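See below for the structure under consideration.
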Amino acid sequence: MKAGVVVFPGSNCDKDVFETLKGLDVDVKYIWHDEENLDVDLLVLPGGFSYGDYLRCGAIARFARILDGIYEFSQKDKLLVGICNGFQILTELKLLPGALLRNKNLKFICEDCTLIVENNNTPFTKLYEKGEAVNFPIAHGEGNYFIDEEGLKKLKENNQIVFKYRNNPNGSVEDIAGIINKNGNVLGLMPHPERASSKLLGCDDGTRFFKGAIEYFKDW
């Protein structure tokens with residue numbers, strides 16, 4: 001199994017994800033934003049501030065050269081995950097429904113956050129229990145997930161809500177922290193599992209997030 005971590009000008013969580021995967025013995029590499037070769041099985045769009053995000057988070061990144069191949073990649077039996085800014089980019093690409101708005105308090109929030117696993121029937125959450133409480137840190141100014149009533153209805157019908165906040169920090173609709181596409185291979189979440197990947201960081205709840213994806217390919 002091979003993994004790639006996409007690096008945009010302004011990414012700042014790429015190394016965290018890289019080191020987490022490397023620590024799990026994954027063959028992982030960085031992929032620069034203007035590359036076209038996506039010869040990996042797991043692709044990660046990390047957090048950060050792609051292109052500065054001065055217009056709208058992820059709005060410029062969606063036009064990066066590498067994104068031309070992301071749609072095709074998402075249609076294959078491979079895994080794509082967007083974390084924080086990566087989640088915003090996936091919504092800009094319409095690979096995931098909804099949008100990320102400014103936090104309800106209009107301030108940047110950086111803190112530990114308790115999430116509830118709503119759906120453990122995904123490659124990324126198969127090693128968690130449904131209803132389990134886990135701790136993934138958040139660090140964002142635009143993490144307020146919004147979707148209209150019809151879209152929310154579809155998310156529920158298709159069991160696409162993966163994580164919810166226990167104490168909603170940003171005003172997200174229905175406390176939603178992470179969702180997955182209907183095919184079950186493209187996941188986006190605002191909290192950072194890579195920042196909870198070692199006891200040295202204070203918590204390793206995020207390790208199972210990546211281990212689940214690794215095991216998915218072992219069963220492939």
Side-chain angles (χ1 to χ4, degrees), residues 1-51 58 61 64-67 69-70 73-74 76-90 95 110 112-113 115 117 120 122-128 132 134-140 162-163 177-178 180 184-220:
M1 186 274 245
K2 296 181 180 179
V5 181
V6 179
V7 183
F8 298 98
S11 295
N12 62 23
C13 298
D14 45 319
K15 190 166 185 178
D16 303 85
V17 176
F18 182 94
E19 292 297 332
T20 297
L21 291 170
K22 186 178 177 181
L24 295 172
D25 294 325
V26 174
D27 181 4
V28 57
K29 65 179 181 179
Y30 292 114
I31 301 178
W32 191 233
H33 63 97
D34 64 352
E35 293 185 29
E36 295 181 322
N37 186 9
L38 298 177
D39 62 337
V40 296
D41 305 297
L42 167 65
L43 188 65
V44 183
L45 304 183
F49 302 92
S50 57
Y51 299 92
R65 188 174 181 180
I66 193 172
L67 273 299
I70 294 282
F73 183 91
S74 71
K76 299 177 180 177
D77 192 14
K78 298 187 175 185
L79 298 181
L80 172 62
V81 58
I83 302 169
C84 197
N85 189 214
F87 183 17
Q88 294 159 342
I89 294 170
L90 290 177
L95 288 178
C110 182
D112 287 339
C113 202
L115 309 179
V117 179
N120 67 341
T122 82
F124 297 96
T125 56
K126 59 185 287 187
L127 299 182
Y128 299 102
E132 182 178 351
V134 296
N135 187 6
F136 293 177
I138 60 169
H140 57 244
V162 180
F163 293 107
I180 198 163
N185 69 317
V186 180
L187 186 147
L189 74 169
M190 287 309 298
H192 290 264
E194 79 280 8
R195 295 187 184 182
S197 59
S198 168
K199 293 290 187 185
L200 290 174
L201 299 174
C203 179
D204 62 356
D205 285 352
T207 305
R208 282 178 285 163
F209 182 87
F210 297 101
K211 283 184 175 179
I214 295 168
E215 289 193 5
Y216 171 81
F217 289 106
K218 288 181 179 177
D219 298 335
W220 204 22

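Only a predicted model underlies this, so the values are computations on that prediction, with no experimental measurement involved.
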### Query
Can you list every side chain to side chain donor-acceptor pair (under 3.5 Å) pair that touches residues 26-35, not counting sequence neighbours?
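Residue pairs with at least one partner in residues 26-35: Lys29-Asp39, His33-Tyr51.
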Rounded distance [0.5 Å steps], [atom1] in [X] versus [atom2] in [Y]:
X      : Y      : atom1 : atom2 : answer
Leu189 : Ile138 : CG    : CD1   : 11.5 Å
Cys203 : Asp112 : SG    : CG    : 7.5 Å
Ile70  : Leu45  : CD1   : CG    : 5.0 Å
Asp41  : Leu79  : CG    : CG    : 8.5 Å
His140 : Cys84  : NE2   : SG    : 6.5 Å
Leu21  : Leu42  : CG    : CG    : 6.0 Å

### Message
Let's go through Asp77 and Asn185 carefully: what are the C-alpha distance in whole Å and the side-chain angles of both, what is the deciding distance for side chain to side chain contact (heavy atoms under 4.5 Å, CB included) to 0.1 Å, and is it a yes or a no?
### Response
CA-CA 7 Å; Asp77 192 14; Asn185 69 317; 5.7 Å; no
### Task
Mind running side chain to side chain contact (heavy atoms under 4.5 Å, CB included) on Val5 and Ile31 for me, showing each step along the way?
CA-CA 6 Å; Val5 181; Ile31 301 178; over 6 Å; no
### Task
For Phe210, enumerate each residue passing the ring-ring contact (aromatic ring centres under 6.0 Å, His included) test, keeping only those at least two apart in sequence or located in another chain.
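Applying ring-ring contact (aromatic ring centres under 6.0 Å, His included) to Phe210 gives none.
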#### Entry: Partner set under ring-ring contact (aromatic ring centres under 6.0 Å, His included) for Phe8, not counting sequence neighbours
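Phe8: no ring-ring contact (aromatic ring centres under 6.0 Å, His included) contacts found.
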### Task
Among residues two or more places apart or on two chains, list those pairs meeting salt bridge (charged side-chain N to carboxylate O under 4.0 Å, His left out) that have a residue in residues 11-22.
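Counting only pairs at least two positions apart or across chains, no salt bridge (charged side-chain N to carboxylate O under 4.0 Å, His left out) contact touches residues 11-22.
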### Query
Which pairs count as salt bridge (charged side-chain N to carboxylate O under 4.0 Å, His left out) when at least one residue sits in residues 194-210, sequence neighbours excluded?
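For residues 194-210, and leaving out neighbouring residues, the salt bridge (charged side-chain N to carboxylate O under 4.0 Å, His left out) pairs sorted by first residue read Glu132-Arg208, Lys199-Asp204.
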For [Y], does its backbone N or O pair with a side-chain atom of [X] as donor and acceptor, under 3.5 Å?
X      : Y      : answer
Lys211 : Leu127 : no
Thr207 : Ser197 : yes
Tyr128 : Phe209 : yes

### Task
Check the pair Val186, Ile180 against side chain to side chain contact (heavy atoms under 4.5 Å, CB included), reporting the backbone distance first and the verdict last.
CA-CA 6 Å; Val186 180; Ile180 198 163; 5.7 Å; no
### Message
Suppose we screen for side chain to side chain donor-acceptor pair (under 3.5 Å). Which residues come up paired with Ser50, at least two apart in sequence or across chains?
### Response
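Per chain and number, Ser50 pairs via side chain to side chain donor-acceptor pair (under 3.5 Å) with Asp53, Asn85.
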#### Entry: Val6 vs Val44, side chain to side chain contact (heavy atoms under 4.5 Å, CB included): CA-CA, chis, key distance, verdict
CA-CA 6 Å; Val6 179; Val44 183; over 6 Å; no
Check whether any side-chain heavy atom of [X] sits under 4.5 Å from a side-chain heavy atom of [Y], and report yes or no.
X      : Y      : answer
Ile83  : Val81  : yes
Leu43  : Leu38  : yes
Val117 : Val162 : no

### Message
Pair Tyr216, Phe124 - check ring-ring contact (aromatic ring centres under 6.0 Å, His included), show working.
### Response
CA-CA 8 Å; Tyr216 171 81; Phe124 297 96; 8.3 Å; no
